[in-house]
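Letters A, B, ... are given to chains in the order of the sequence lines, protein chains preceding strands, and every chain is numbered from 1. Keep in mind the model is a prediction, meaning the values are calculated, not measured.
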Amino acid sequence: MEHAEILHRCFRCGYCKLPGSYQDLNCPSYLQYRFETYSPGGRMWLLRAWLDEEIPTSARLQEILFSCTACGNCVEHCVFPKFKADVLNAITAGRGELVNEGSVPRRVSDFFKAIHLYGNPYKLPEADRGAWAKGLGLEPYRGQEYLFFAGCAGSYDERGRKMARAVAGLLQDRGVSFGILGALERCDGNEVRAMGEAGLFEEIARHNIAKFLDAGVVKIITLSPHAYHAIRNYYPRFNGIFQVLHYSQVLARMMSKGKDQGADTPLTVTFHDPCYLGRHNQDYLTPRMVLAALPGVELAEMDRARVDALCCGGGGGNFFTDLLGSGPDSSSRVRVREAAATGAQVLAVACPKCAKMLEDAVKAEALESALRVMDLAELVQARSV
Amino acid sequence: MEEIYRELVKIVGERFVSNQPEERFLYSRDPGTMEPHAPDWVVMPNTTEEVQKIVRLANRQKIPLVPMGGGLVLSGLSRPLQGGMVLDMKRMNRILEVNEASSYVVVEAGASQGMLQAYLKKHHPRLKHSIPDAPPIATIGGNVLIHGSGHLSAAGGFHSEMLNGLEVVLPTGEVARIGSCSASPYWFSRSPLPDLAGLFLGWHGTTGVVTKLAIKLFPARPWNDVGIFVIEDPELAPDIIRRLARVQVAEDILAWMSPKPDWAKGFQMINIAYGAETKAELTLKRDLIRESVRPYLERKVGGFMPLPPDMKVRFLEAPQSTLAVFADVNKGGGFEYVGAIMPVELFAPAFRKGLEIAESRKVPYSLGARIVGLAHCMMFFYAYAFNRADQADVRRAQTALEDTNAMVLEMGGIPWKAETPAQKQIIKKMDPNTFALMNRLRAVLDPQGIMNPGNWEA
Amino acid sequence: MSELKYDQKICTKCEKIDCLTRCQHIALDLEEARQEWMKILAGRDSRVLHECLTCYACEEYCPYHNHPFYLIVDRQEELSAWPVPVPLTKQQIAMMAPKGQIVAQKVSAPVINLCSFPMLAGSIQGKLFAGASIIGGNDLFCNIMWLHFAKNSVIRERLPKVINNLMDYYLKVSGVDELICFHDECFGTYTQLAPAFGIEVPFKPIHLFEYLTKKLTELKKEIRPINAKVAYQRPCSNRLVPETQHWVDEIFKLIGAIRPAREYEGENALCCGMVVQAAQRDDRADAIQKRNLDDMAAVGARYCVFNCPMCFMTLKGMVAERGMTPILISDLCRIALGEGFWG
Ligand SMILES: Cc1cc2nc3c(=O)[nH]c(=O)nc-3n(C[C@H](O)[C@H](O)[C@H](O)COP(=O)(O)OP(=O)(O)OC[C@H]3O[C@@H](n4cnc5c(N)ncnc54)[C@H](O)[C@@H]3O)c2cc1C
Ligand code: SF4
Ligand code: SF4
């Protein structure tokens with residue numbers, strides 16, 4: 001197994017369970033399950049035991065490995081400088097071993113199957129992929145400056161579609177030159193990769209790269225930080241080299257020309273850093289620049305922000321497989337309680353998965369009257385005259 | 001077995017009990033060198049009542065019960081030597097009350113060191129607790145109950161001395177309160193009542209499950225600094241340490257001796273951390289500390305390292321996150337230490353003999369001493385790293401630890417949070433009446449002998 | 001061992017004993033100064049050897065360039081009059097020891113020597129340093145710092161090897177004969193200390209100030225004047241090379257920085273205090289730092305500019321507390337060129 005050589009080097013000190021401030025549990029799966037086995041270090045030790053055949057391949061082991069949300073908190077906060085970068089890679093590699101053995105939870109294999117057959121985890125026809133854009137008058141991609149990549153959640157999920165429409169509408173309003181692939185788009189593959197299905201990921205990546213190159217794409221704007229991450233950091237391995245931006249990065253540029261025009265009634269907003277923009281790509285500033293450019297908007301940070309942000313629980317495939325499970329200790333619910341504690345009226349997000357996870361959590365926590373989940377584009381639109 | 005599992009599920013809910021191989025594997029071992037012992041169940045209670053029910057069940061069924069906090073002692077104290085249940089206490093992590101006026105906090109035993117530190121920083125920024133250098137997920141309960149020490153031990157002694165009171169589920173299932181909280185709504189001290197806290201301190205979970213405890217808080221000062229006094233003759237250390245401690249300015253005094261980096265080898269560094277309300281006070285305290293060791297400065301045999309402020313920052317970090325990283329010196333992932341509580345006057349032989357053992361056993365080492373109180377004693381540590389993936393190397397470290405435990409006892413020190421074999425060595429040296437008394441108390445408290453059996457046994 | 005290039009006759013004939021009468025830290029009238037200096041000449045103990053704060057100033061004050069400071073340091077070592085506690089000195093010697101990790105590397109002019117501060121490499125960026133080769137590390141450490149520790153013997157032992165390293169691993173193999181010294185320490189070592197110690201320097205040291213002046217002149221059109229008062233912290237090692245001071249004025253002029261007249265400037269400059277702390281005289285260090293900072297604040301400086309990384313690290317917090325921005329001189333120049341800076 002790749003990275004097997006670091007497994008025994010984990011001391012199980014548990015720094016990785018926490019944010020930099022140590023204030024609370026910050027590994028979503030450990031937060032939820034509380035057994036040491038569900039902590040990053042626990043996974044490392046279990047993987048080693050499994051490779052050494054000290055423990056069997058069990059359903060529980062699979063659940064333990066696949067409930068990791070790939071949020072990167074462990075990578076950020078492990079105190080061992082010489083191997084911390086690979087803590088999550090080792091977990092991903094462990095998932096990969098289970099995938100190779102064909103021993104994965106049902107929901108995981110269903111996910112792969114759906115992607116394989118439908119090109120999306122929703123098992124919906126690819127032909128419907130562009131439906132989210134209906135009525136917006138968006139152009140198909142044909143050599144415009146940017147390709148706007150909506151991704152699966154943006155194409156099929158109700159909450160994601162709303163967000164995709166807001167982002168695309170805003171880009172359109174501001175005269176950004178872009179087109180969409182519609183039915184020709186396919187899953188970006190990031191979750192497949194994070195779930196250890198390296199072969200399927202490569203297939204997806206190569207497919208997308210070929211499609212992009214055929215269409216002459218040079219620059220890409222992604223709705224989802226997950227797609228941004230995959231295209232930016234993994235597509236180059238298959239010679240897919242594109243200039244990729246997360247939509248917040250485009251918004252920030254549009255708005256940096258001065259304070260945005262529009263409503264200036266006071267509004268307190270807190271911002272939830274998406275793992276794939278923040279910890280995995282170190283962009284903490286851009287979304288905050290967007291917020292700062294909105295008149296009347298005041299940012300009330302959560303205690304856990306930036307490198308310390310608590311994941312919404314939707315990463316690493318859990319958005320679809322939900323091996324993390326629900327309940328009051330699920331990280332999405334803990335997260336919205338934390339957001340509400342800032343006194344903010346709006347919980348701003350920059351990822352369709354976060355939007356959905358946190359919106360559901362707001363309902364579960366009965367916080368609807370106090371807290372609204374809005375993505376950055378929705379917020380910018382709402383504040384524009 | 002199944003029946004007990006179902007009973008446990010009834011008590012804490014299905015999500016918080018496991019009898020699965022994964023948990024049984026992981027809870028059978030800790031990061032140190034001691035060999036694994038698997039539990040039959042791992043249980044995570046959420047309330048004192050749940051603990052009570054679990055204890056009663058264990059009692060009825062005569063099932064061993066081992067409380068565990070962070071499981072970070074390294075000496076294997078929360079491995080269930082005779083199987084049974086491991087009680088992972090970390091769900092009971094609430095911070096219940098901070099009394100600013102009387103400077104104490106009441107927490108559930110599973111509250112983590114890091115969580116309490118962050119909570120105080122946010123809600124009571126003028127107060128802090130004495131945090132050990134253990135990784136921050138270590139629990140307040142686990143640490144106080146083993147007589148831990150930390151960043152305020154020069155000011156306040158062992159962490160067990162900072163204990164104001166506790167709530168405990170006795171091995172027979174009753175809940176008892178100890179200290180002022182047994183007769184008052186306040187948790188202000190253990191005096192003036194008969195001090196029953198001693199029934200639970202230093203016992204390694206053999207006398208009950210502590211569910212709540214109150215510990216003293218200390219001023220968190222806005223200005224902080226650290227001086228590092230360097231000498232190259234360990235014989236000088238006791239007097240220097242005594243002088244530094246007796247100024248009563250230091251919050252923490254920690255000596256460290258390490259072969260790495262190169263510039264540290266052969267020297268003894270003594271860190272003196274202190275804080276102040278104003279910059280002027282900080283300067284004054286620095287001068288007091290400096291004045292205390294004037295004769296050594298004049299003889300040029302010791303001095304404070306000249307360090308620009310940026311370079312001091314890492315020495316002010318609490319806990320010292322770099323300590324854990326010692327485990328990775330040879331890419332091996334493990335270390336364990338003998339923490340020997342002993343008088344400060346034994347510093348030089350303690351150091352020399354430790355060095356001898358480490359060098360003759362060829363183990364990577366790091367030595368040091370945390371000073372407790374005004375140099376009333378010290379916790380001298382001998383940390384040895386090992387490669388977890390290499391059994392021979394683990395064994396080598398184990399042997400060095402065994403040698404060290406024996407050497408410490410021989411010298412008049414006492415290994416702290418000792419591994420079970422070392423506990424036996426201590427018992428051998430112990431006044432037989434003392435040990436008999438321990439056994440009598442234990443028999444009264446725990447008639448079925450279910451609590452962490454295998455510990456403190458001859 | 002190389003003998004100090006020093007002429008005792010000059011001292012015996014000297015009328016003013018500037019080296020001691022002008023000392024900023026030991027109060028001596030002319031008569032006392034003469035007596036103490038004669039003791040030192042004769043190799044006998046003197047209070048000067050014990051009270052000296054090793055600020056290098058006497059090296060500048062001697063009108064005959066007769067190296068009084070080096071003589072003091074030699075005598076301190078001979079008589080074990082250690083300015084710094086012995087364990088600290090030994091520890092520093094171990095810390096700064098050559099690592100033997102150097103590998104030969106082709107470089108091309110300009111070659112910038114960061115000496116033992118390779119971590120400042122982030123400062124060597126932008127137009128000023130375009131195309132420069134950067135070298136540094138303990139194997140290139142100029143070793144001048146042992147003057148503060150009464151350890152000329154270490155300089156004598158290590159410096160020739162460092163010069164060989166510079167030549168063998170970089171300059172000779174690359175056919176380069178000029179070395180730009182990022183710090184005063186190195187420039188002072190190679191132009192002034194090495195000759196005084198009889199150590200040959202086979203390359204041409206260039207002071208960073210000269211390099212910056214030249215570059216700024218080339219880039220003149222792109223400069224946006226700083227238009228702010230800037231206090232300059234002169235480090236001890238610049239005492240060895242006062243002839244470089246005019247470059248500071250030229251640089252200030254080029255970048256439009258205003259250099260207000262300060263009390264503690266030029267020959268009257270004050271040490272940053274770090275070595276005073278090493279000598280365990282924190283009270284003296286506090287007083288020196290306070291005078292220095294009060295003076296900077298009194299002239300209304302917005303920036304305090306450094307060339308010595310040690311001064312920078314020692315004083316930057318205090319400078320910032322007083323509302324001034326501490327900055328390395330190269331970074332200040334980069335600001336004038338509209339570049340962000342690293343420090
Ligand atoms: C890098 C490193 C640095 C360290 N530095 C320090 C230091 O500076 N100071 C220091 O004191 N220690 C230090 N330690 C040792 C140790 O980690 C700490 O003392 C830690 O606080 C122990 O707490 P824990 O929660 O991990 O206890 P555990 O290991 O879980 O338990 C310790 C003992 O207490 C019992 N116990 C735990 N909880 C309860 C309960 N609720 N009721 C009854 N019994 C209970 C257990 O059965 C066990 O016998 C260090 C360890 C490491 C790895
Ligand atoms: S992954 Fe790193 S931080 Fe986490 S337990 Fe292992 S060594 Fe410690
Ligand atoms: S990536 Fe996140 S969820 Fe996964 S182990 Fe690390 S901290 Fe836990």
Fill in the blank from the handout: Interface check, chain C: of B:A264, B:P261, B:P308, B:G266, most non-hydrogen pairs under 4.5 Å belong to B:P308
Practice task
Tell me the residues of residues 337-357 of chain B whose non-hydrogen atoms fall below 4.5 Å from those of chain C, in number order.
Solution key: none
Suppose we count any N or O donor within 3.5 Å of an acceptor, strictly below that value; which pairs fall between chain B and chain C?
{"unit_1": "B:E232", "atom_1": "OE1", "unit_2": "C:K90", "atom_2": "NZ", "d": "3.0"}
{"unit_1": "B:E232", "atom_1": "OE2", "unit_2": "C:K90", "atom_2": "NZ", "d": "3.0"}
{"unit_1": "B:W263", "atom_1": "O", "unit_2": "C:Q91", "atom_2": "NE2", "d": "3.4"}
{"unit_1": "B:K279", "atom_1": "NZ", "unit_2": "C:E321", "atom_2": "OE1", "d": "3.2"}
{"unit_1": "B:R286", "atom_1": "NE", "unit_2": "C:D282", "atom_2": "OD2", "d": "3.4"}
{"unit_1": "B:R286", "atom_1": "NH1", "unit_2": "C:D286", "atom_2": "OD1", "d": "3.1"}
{"unit_1": "B:R286", "atom_1": "NH1", "unit_2": "C:D286", "atom_2": "OD2", "d": "3.4"}
{"unit_1": "B:R286", "atom_1": "NH2", "unit_2": "C:D286", "atom_2": "OD2", "d": "2.4"}
{"unit_1": "B:R290", "atom_1": "NH1", "unit_2": "C:Q280", "atom_2": "O", "d": "3.4"}
{"unit_1": "B:R290", "atom_1": "NH1", "unit_2": "C:Q280", "atom_2": "OE1", "d": "3.1"}
{"unit_1": "B:R290", "atom_1": "NH2", "unit_2": "C:D282", "atom_2": "OD1", "d": "2.9"}
{"unit_1": "B:R290", "atom_1": "NH2", "unit_2": "C:D282", "atom_2": "OD2", "d": "3.1"}
{"unit_1": "B:K300", "atom_1": "O", "unit_2": "C:V86", "atom_2": "N", "d": "2.9"}
{"unit_1": "B:K300", "atom_1": "NZ", "unit_2": "C:W82", "atom_2": "O", "d": "2.8"}
{"unit_1": "B:F304", "atom_1": "N", "unit_2": "C:Q280", "atom_2": "OE1", "d": "2.8"}
{"unit_1": "B:F304", "atom_1": "O", "unit_2": "C:Q280", "atom_2": "NE2", "d": "2.9"}
{"unit_1": "B:D310", "atom_1": "OD2", "unit_2": "C:K316", "atom_2": "NZ", "d": "2.6"}

Exercise for the section: Please state whether the side chain, the backbone, both or neither of B:V230 comes within less than 4.5 Å of a heavy atom of chain C. Expected result: both
Problem - Contacting moiety of B:F267, where chain C heavy atoms sit under 4.5 Å - result: side chain
Handout entry: Residues forming a side chain to side chain donor-acceptor pair (under 3.5 Å) with B:S130, sequence neighbours excluded
Key = B:H159
Problem - Closest heavy-atom pair and its distance - C:P85, B:G303 - result: CG-CA, 3.7 Å
Fill in the blank from the handout: Applied to residues 374-387 of chain B, the side-chain hydrogen bond (donor to acceptor under 3.5 Å, both in side chains) test, sequence neighbours excluded, yields A:H8-B:N387, B:Y384-B:T404
Handout entry: Choice from C:M310, C:M318, C:M95 maximising heavy atom contacts with chain B below 4.5 Å
Key = C:M95
